[in-house]
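What follows is one structure encoded as structure tokens, with my remarks underneath.
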Amino acid sequence: MDKRTKGSALELRLMVVGSSGPSQFLLTNAILGREEFTKDVTCISCSSKKIGELAGRRVAVVNGPSIYDKGITAVKRQNELRRSKCLCIPGPHAFLVAFDIEDISPNDIRTVKLLKKRFGRNCLKHCMVLLAQEGPLESAALEERVKETNWHLRELVEKYEGRFHIFNKNWHDRSRDRELLQKIEWMVASLGGVYFSSSSFQKAEERVKKEEKRLRKKRTAEIEQAWTDMEKQYIADDLYRRRDAYTTSVGADIRARAEMDNDWLRKSLARGLGSGLVVGAIMGALVGSIEGPWGMVLYGVIGGAVGGLAGGTAQVAIEHIENRVAPTARLNFNSIFINRFFAAPRNS
């Protein structure tokens, strides 16, 4: 059952969603005021989270694959949907649904149905339409155009209870940052100052915390060794300050790893691998039946292998995903942290 929970006043968590094309990635650039995605990026294969500021307010912006992205398998899409939820726990304050103002189609009207299916039927209360515009922004004129334009654009905005904002595809234009932030904050305030959550976001939070606990236990010896090394270099308040900073840094590293890889995501990939094997084997056996019993066996084995590969390619590398999130040399991490950031000599 969907529910909404009290949110933090310190950071706005924004889930940026797009139907197709570069709009959602241009929006991420516009929010953060920097080029996280080049203008030719139209899709991504792995969900991501970027931290920055919008008009002085700290924000976390989460991007996942586009809603209609046909370049990834259903299994991969489902896994990235889960990953995007892990990156946005305990839940987003706002879903920003990006479109190109010059390219609204009847198909875009369906995004409402897909959003409710993927995030929960109450997510629309937290949704706002973001329309990408090329060139100078004449705010009043553009907003009147949205209200009076062809039915595709007008109906789209009405589906989201009339909440919309127009942004410039050129992220260097910061003229409407304050207005966008105010619209988001007003929407959140109208809902009682809450973020969106659902059973799947709650499950994501549970699995991330479980993975954090596992990783922290795994790194206990490393952390203790780092503290011991600090005790040899620093004393009194300086020691406590540096140790707290190190502990915070390690905690952030562990959190980032847990959001990107945990047993909820691994099970999703494993399930996809298993489904691929079964479907591939069945299809292979059907083809092989033309050649007789031996053909069924041979083509069944081949089909299972191919299906397993298609259904769970990422599973092959899952044991190494931790190495791809951050460096493997734990003690090197400690040494770099201590020597680079805390290189002041000890007082004698």
Side-chain angles (χ1 to χ4, degrees), residues 1-8 10-18 24 28 44-51 58-67 69 72-97 114-127 188 191 194-218 251-273 275 312 314-315 317-319 321-322 324-326:
M1 179 178 180
D2 297 334
K3 71 175 185 178
R4 294 176 296 281
T5 314
K6 287 282 184 180
S8 168
L10 298 178
E11 177 182 85
L12 275 178
R13 293 181 296 277
L14 308 175
M15 180 82 77
V16 175
V17 182
Q24 71 154 308
T28 298
I44 55 175
S45 60
C46 186
S47 300
S48 67
K49 179 168 73 172
K50 312 295 182 183
I51 304 297
R58 179 182 168 85
V59 293
V61 183
V62 175
N63 291 89
S66 299
I67 293 177
D69 189 356
I72 60 177
T73 65
V75 171
K76 176 67 173 175
R77 185 181 298 109
Q78 175 64 27
N79 201 60
E80 289 309 316
L81 176 61
R82 288 187 173 188
R83 195 188 311 279
S84 68
K85 292 177 180 179
C86 290
L87 291 169
C88 209
I89 60 172
H93 293 95
F95 294 91
L96 304 182
V97 193
L114 287 172
L115 283 171
K116 290 196 291 187
K117 179 180 179 181
R118 295 183 179 184
F119 297 107
R121 57 187 176 85
N122 286 327
C123 74
L124 288 187
K125 297 178 184 293
H126 290 257
C127 285
V188 175
L191 296 167
V194 297
Y195 59 79
F196 176 80
S197 187
S198 67
S199 59
S200 58
F201 276 104
Q202 292 162 17
K203 180 176 289 187
E205 183 175 18
E206 174 188 329
R207 299 307 173 84
V208 169
K209 288 183 176 179
K210 178 181 178 182
E211 183 70 10
E212 282 185 283
K213 184 177 180 180
R214 185 187 74 82
L215 291 174
R216 194 173 297 278
K217 182 177 181 180
K218 184 178 179 180
D253 177 58
I254 289 174
R255 177 60 175 263
R257 291 171 180 270
E259 289 176 343
M260 288 296 292
D261 175 35
N262 53 67
D263 65 354
W264 197 38
L265 303 177
R266 290 191 287 267
K267 287 177 182 177
S268 177
L269 284 176
R271 189 177 299 111
L273 176 62
S275 298
Q315 180 66 21
I318 197 65
E319 294 179 359
I321 193 169
E322 185 173 310
R324 290 186 277 114
V325 174

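Because the structure is predicted, anything quoted here is derived from the model rather than measured.
Although no hydrogens or angles enter the test, the distance criterion places no donor-acceptor pair under 3.5 Å between the side chain of Arg13 and the main chain of Ala60. Judged by distance alone, the side chain of Gln24 and the main-chain N or O of Leu96 form no donor-acceptor pair under 3.5 Å. Judged purely by atom type and a 3.5 angstrom limit, Arg82 uses its side chain to pair as donor or acceptor with the backbone of Trp264. Under a 3.5 Å cut-off, the side chain of His93 and the backbone N or O of Tyr195 do not form any donor-acceptor pair.
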>> For Arg257 and Asp253: C-alpha separation, side-chain torsions, deciding distance, then whether salt bridge (charged side-chain N to carboxylate O under 4.0 Å, His left out) applies.
In response: CA-CA 6 Å; Arg257 291 171 180 270; Asp253 177 58; 3.2 Å; yes
>> Test side chain to side chain contact (heavy atoms under 4.5 Å, CB included) on Ile51 and Glu11; report intermediate values, then the result.
In response: CA-CA 10 Å; Ile51 304 297; Glu11 177 182 85; 4.2 Å; yes
>> Is there a side chain to side chain contact (heavy atoms under 4.5 Å, CB included) between Asp261 and Arg266? Walk through the geometry before answering.
In response: CA-CA 7 Å; Asp261 175 35; Arg266 290 191 287 267; 3.0 Å; yes
> How far apart are the C-alpha atoms of Val62 and Lys85, what are their side-chain angles, what is the distance that settles it, and do they pass the side chain to side chain contact (heavy atoms under 4.5 Å, CB included) test?
Replying inline: CA-CA 9 Å; Val62 175; Lys85 292 177 180 179; over 6 Å; no
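Atom-to-atom distance recorded for Asn122:CG and Ser197:OG is 11.0 Å, nearest 0.5 angstrom. Between the CG atom of Leu124 and the CZ atom of Arg121 there is a distance of 11.0 Å, given to the nearest 0.5 Å. Annotation: the span from Lys49 atom NZ to Leu14 atom CG amounts to 12.0 Å, rounded to 0.5 Å. Between the CD atom of Gln78 and the CD1 atom of Ile72 there is a distance of 10.5 Å, given to the nearest 0.5 Å. Rounding to the nearest 0.5 Å places CG of Asn63 at 3.5 Å from OG1 of Thr28.
A 4.5 Å side-chain heavy-atom check between Leu87 and Met260 finds at least one atom pair inside the cut-off. Inter-residue side-chain proximity for Lys218 and Ile254 is flagged as unmet; no heavy-atom pair is nearer than 4.5 Å. Side-chain atoms of Arg207 and Cys86, non-hydrogen and from C-beta on, never get closer than 4.5 Å to each other. The side-chain heavy atoms of Arg118 and Val17, taken from C-beta on, include no pair separated by under 4.5 Å. Residues Lys217 and Lys213 are not in side-chain contact: their nearest non-hydrogen atoms beyond the backbone lie 4.5 Å or more apart.
Glu80 pairs by the salt bridge (charged side-chain N to carboxylate O under 4.0 Å, His left out) definition with Lys76, Arg83, not counting sequence neighbours. In this structure, the salt bridge (charged side-chain N to carboxylate O under 4.0 Å, His left out) partners of Lys210, at least two apart in sequence or on a different chain, are Asp263.
A 6.0 Å sphere centred on NZ of Lys203 holds no more than 12 heavy atoms belonging to other residues, nucleotides or ligands.
Checked against a 6.0 Å centroid threshold, the rings of Phe119 and Phe196 do not count as neighbours.
Salt bridge annotation for Glu211-Arg214: present, with a cationic side-chain nitrogen under 4.0 angstrom from a carboxylate oxygen.
Listed here is the closest heavy atom pair of Leu191 and Val194: O-CG2, 3.1 Å. When all heavy atoms of Leu215 and Ala258 are compared, the closest pair comes out as CD1-N, 4.1 Å. Residues Ser84 and Met15 come closest through the heavy atom pair O-CE, 3.8 Å. In this structure, His126 and Pro92 approach most closely via the heavy-atom pair ND1-O, 4.3 Å.
Among the candidates Cys46, Ser47, Ser45, the single residue satisfying the side-chain contact (heavy atoms from CB on, under 4.5 Å) test with Pro65 is Ser47.
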